[in-house]
Student: 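Below is the structure I would like to discuss, written out as structure tokens.
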Amino acid sequence: MTRSATLAGVFDDLAASYDHEHHEEIARALLALVDPGPLDSVADVACGAGAVALRLARARPADAPAVLAVDVSPGMIAAGRARATSSPVPNASIDWRVTDAVPLPVPDRSLDVVLCASALHFLGGRAMADWRRALRPGGRVGYTLPLATHFRPSARFSALLAADVPLPADADEADAWATVHGFTDATSRVHVLGTRRVMVTTALTPDGR
């Protein structure tokens, strides 16, 4: 079984009992830091049940481009679609796609913002390179990672973690990792969610890539 198929299976199993409240909190923190423009072209990478895409779509004008919401799990995409139909989100405002998150199914330099909540540590560093490909010069990336000191994954999740994504211990480490991967002006903040700690990072794509 491929890694993608394994990830899809794990998250399909979680789709019916996903902790929406936790992921809504993360989505709020991520969007507050990144603050996409109302007409920006945006991708929600490894979108899960769509907390980021749904929150963003509700706040955008009718003429904004659809938010691209990508996940390898059919179950998660189905959950996102169901949530969209039960809340005031126009059907055309989110482009739901079941596909690998890396590479993103977009042309080079076609996005203004890439968002990724709670998934980069499964996708690996190759996602950072793909986001630089997909973003326009001066575009922005925003993502979250668990704080190293507060992450206690189950054995099932531990086996799926990407070896090349070190979980940050503090904001300086998070900023440095974004810089190493070719982004500039990184800003990271720790967000407290009960007993959990999440690092939220945003950074810019250099104009002269």
Side-chain angles (χ1 to χ4, degrees), residues 3-4 7 26-27 29-48 50-73 76-77 80 89-145 162 164-165 168 174-189 199-209:
R3 177 178 171 79
S4 291
L7 279 168
I26 291 176
L30 180 59
L31 290 171
L33 186 60
V34 181
D35 192 23
L39 298 179
D40 281 348
S41 295
V42 183
D44 180 9
V45 181
C47 64
V52 171
L54 289 164
R55 182 169 293 276
L56 181 59
R58 291 187 192 106
R60 283 158 71 85
D63 58 342
V67 177
L68 175 62
V70 173
D71 203 283
V72 73
S73 163
M76 284 295 182
I77 292 292
V89 179
N91 289 334
S93 62
I94 301 177
D95 178 7
W96 302 98
R97 299 198 202 179
V98 178
T99 185
D100 283 337
V102 183
L104 278 172
V106 299
D108 295 356
R109 302 191 175 201
S110 60
L111 297 174
D112 297 300
V113 180
V114 168
L115 300 168
C116 182
S118 308
L120 179 55
H121 47 305
F122 298 113
L123 301 178
R126 66 195 183 111
M128 298 287 276
D130 187 56
W131 297 345
R132 287 186 61 203
R133 171 197 68 80
L135 283 165
R136 298 185 175 107
R140 288 172 294 157
V141 64
Y143 55 86
T144 72
L145 286 169
D164 63 346
V165 180
D175 290 350
W177 195 74
T179 301
V180 164
H181 283 80
F183 290 90
T184 65
D185 299 308
T187 299
S188 300
R189 298 175 185 168
M199 187 67 72
V200 184
T201 298
T202 185
L204 295 176
T205 308
D207 288 344
R209 295 180 297 140

Student: Please identify which of these residues, Thr205, Asp40, Asp185, meets the side-chain hydrogen bond (donor to acceptor under 3.5 Å, both in side chains) condition with Arg140.
Tutor: Asp40

Student: Which heavy-atom pair separates Leu68 from Arg97 by the least distance, and what is that distance?
Tutor: CD1-NE, 3.4 Å

Student: So which atom in Ala64 and which in Pro38 form the shortest heavy-atom distance, rounded to 0.1 Å?
Tutor: CB-O, 3.3 Å

Student: Apply side-chain contact (heavy atoms from CB on, under 4.5 Å) to the pair Leu56 and Asp44, showing each step before the final yes or no.
Tutor: CA-CA 10 Å; Leu56 181 59; Asp44 180 9; over 6 Å; no

Student: Please report the shortest heavy-atom distance between Ala162 and Arg3, naming the atom on each side.
Tutor: N-NH2, 4.1 Å

Student: Rounded to the nearest 0.5 Å, how far apart are OG1 of Thr184 and CG of Leu204?
Tutor: 4.5 Å

Student: Can you name the closest pair of heavy atoms from Ala174 and Tyr143 and give their distance?
Tutor: O-OH, 4.3 Å

Student: Could you walk me through whether Leu123 and Asp130 pass the side-chain contact (heavy atoms from CB on, under 4.5 Å) test, one step at a time?
Tutor: CA-CA 11 Å; Leu123 301 178; Asp130 187 56; over 6 Å; no

Student: Is it true that a side-chain atom of Thr144 and a backbone atom of Met199 form a donor plus acceptor pair closer than 3.5 Å?
Tutor: no

Student: Is there a side-chain contact between Cys47 and Val52 (heavy atoms, below 4.5 Å)?
Tutor: no

Student: So, for Trp177 and Asp164, which heavy atoms are closest and what is the spacing to 0.1 Å?
Tutor: CZ2-O, 3.6 Å

Student: What are the two closest heavy atoms between Ile26 and Ser118, and how far apart are they?
Tutor: CD1-OG, 3.3 Å

Student: Let me confirm one number: the CG-CG distance from Leu39 to Asp112, rounded to the nearest 0.5 Å.
Tutor: 9.5 Å

Student: List for me each residue that meets side-chain hydrogen bond (donor to acceptor under 3.5 Å, both in side chains) alongside Ser188, sequence neighbours excluded, and say none if there are none.
Tutor: Asp175, Thr201

Student: So, does Arg109 use its side chain to make a donor-acceptor pair with the main chain of Ala134 at under 3.5 Å?
Tutor: no

Student: Among all residues two or more places apart in sequence or in another chain, which pass the side chain to side chain contact (heavy atoms under 4.5 Å, CB included) test with Arg189?
Tutor: Leu33, Thr187

Student: Is Val70 close to Val45 at the side-chain level, that is, under 4.5 Å between some pair of heavy atoms?
Tutor: no

Student: Kindly indicate whether the side chain of Ser93, heavy atoms from C-beta on, has any atom under 4.5 Å from the side chain of Arg60.
Tutor: no

Student: Just wondering, do Arg133 and Leu104 contact through their side chains at under 4.5 Å, heavy atoms?
Tutor: yes

Student: Apply side-chain contact (heavy atoms from CB on, under 4.5 Å) to Phe122 and Val72, showing your working.
Tutor: CA-CA 12 Å; Phe122 298 113; Val72 73; over 6 Å; no

Student: Do Met128 and Leu120 have side-chain heavy atoms sitting under 4.5 Å apart?
Tutor: yes

